[in-house]
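Only one structure is covered here, and it is reproduced in the block below.
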Amino acid sequence: MNDRTRKQFPATEALISTAPKNVMELELPSFAKINLRLLVTGLRRDGYHTLDTIFQALELHDTLTFRFRRSSEFQVTLDVGKSKIPTDSGNLISQACSAFHEVYPLKHSIHVTVRKRIPSESGLGGGSSNAGCTLIALSKLYDWPIPRVGLLRIARRLGADVPFFLYGGTAHGTRRGDLIRQVPDWPPKQVLLVHPKIRCSTPEIYRKFDEMDLLTRRRDFNKILSDQKPESRREFVSLIENDLEKVVVSLYPEIGSIKKRLLTLGATATAVTGSGSVVFGLFEDQLELAAAAKQIPGSIRTRFVDRKEYRKRIGF
Ligand code: C5P
């Protein structure tokens with residue numbers, strides 16, 4: 001997001017055109033994330049929990065097509081196809097446009113077509129990713145009028161997971177997960193996502209976490225600030241962990257069974273992402289992944305996206 005990277009990475013997958021007349025069109029991938037590691041480290045006065053988490057971007061993505069038309073009136077419309085996500089101001093894409101407009105008045109009306117592939121409310125960060133992608137799209141349109149620190153402030157206001165999507169690759173999140181630090185990309189893995197037909201409510205999972213008295217204050221905090229790239233496969237596997245998983249599995253034992261199944265099918269590690277309900281399994285190669293995917297109908301095959309690929313494909 002600085003001048004150099006911007007010039008180095010002009011839009012690639014991003015398609016910018018001027019047809020029809022007066023309309024700028026920009027198509028961007030909006031990638032999913034998993035939390036390779038999510039430790040709950042404390043409870044804040046405002047009721048939120050502090051986290052120590054490692055985010056990883058995945059190749060699984062929605063596609064957002066922005067059509068910008070010069071207009072003195074600020075207006076955002078959304079076409080989400082058959083997806084059940086909201087199309088009004090409840091959608092994080094609309095909220096991202098409004099938040100951007102408050103800081104830098106937009107001179108275009110915006111129409112966004114959303115091709116949804118990331119399952120909603122699953123822990124894969126779909127809504128947050130769409131918001132981050134929208135902030136990037138608007139920044140590209142106006143040649144980055146809001147400095148990085150301001151853009152991150154907007155992202156944070158939109159949601160704790162949104163800032164990560166301004167980085168991509170592997171990143172370390174603290175505070176509510178919204179304070180992001182880039183770390184070296186973790187070794188590439190193939191990923192199988194299993195989405196049980198269960199909706200985990202994030203507030204309920206955190207409430208139950210408190211009720212179960214799971215806050216591990218006595219942890220060795222030096223050890224949990226996991227900003228190092230794992231040196232070996234063994235270390236990698238030992239770092240895959242999610243404190244919220246104990247709650248999710250106690251409420252929905254089926255999720256425990258999915259984890260066991262993934263391990264039986266050759267996954268080297270598995271965990272719930274975010275507050276659930278998606279479970280991911282990590283595989284070393286595509287053949288193993290394909291064999292496992294065959295055994296679990298409806299599962300989604302994907303892979304890690306490192307920071308370089310993330311930036312190149314979004315074009316920033
Ligand atoms: O981030 P989001 O608004 O989806 O969070 C919903 C609820 O989950 C919060 O109101 C809070 O109760 C809980 N939460 C939390 N700590 C976090 C994230 C969410 O306690 N880091």
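In each ligand, atom 1 is the first atom listed, and ligand 1 is the first ligand listed. Bear in mind that the values here come from a model prediction, so they are computed numbers and not experimental data. Quick note: numbers below take in every heavy atom, side chains included, and nothing from hydrogens, waters or symmetry partners.
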Exercise. Given side chains that start at C-beta, do those of Asp79 and Val114 come closer than 4.5 Å, heavy atoms only?
Worked result: no

Seminar exercise, completed: shortest atom 8 (O) of ligand 1-to-protein heavy-atom contact is with Thr202 CG2, 3.5 Å

Problem set entry | Any donor-acceptor N or O pair under 3.5 Å, side chains Ser89, Ser94 | no

For this session: For atom 13 (C) of ligand 1, grab the closest protein heavy atom and report residue, atom and distance to one decimal in Å.
Result: Tyr206 CD1, 3.5 Å

Exercise. With no hydrogens and no angle check, is any side-chain donor or acceptor of Arg117 less than 3.5 Å from a backbone partner on His61?
Worked result: yes

Exercise. Among protein heavy atoms, which lies nearest atom 20 (O) of ligand 1, and at what distance?
Worked result: His49 ND1, 2.7 Å

Exercise. Among all protein non-hydrogen atoms, which one is nearest to atom 2 (P) of ligand 1, and what is the separation to 0.1 Å?
Worked result: Tyr48 OH, 4.0 Å

Exercise. Hey, is Gly177 one of the residues with a heavy atom under 4.0 angstrom from ligand 1?
Worked result: no

For this session: Using distance alone, with no hydrogens and no angle criterion, decide if Asn130 and Ser30 have a side-chain donor and acceptor under 3.5 Å apart.
Result: yes

For this session: With sequence neighbours left out, write down each residue that passes ring pair (Phe, Tyr, Trp, His ring centres under 6.0 Å) with Phe100, or none if nothing qualifies.
Result: none

For this session: Considering the heavy atoms of Gly47, write down every atom of ligand 1 situated less than 4.0 Å from one of them.
Result: 20 (O)

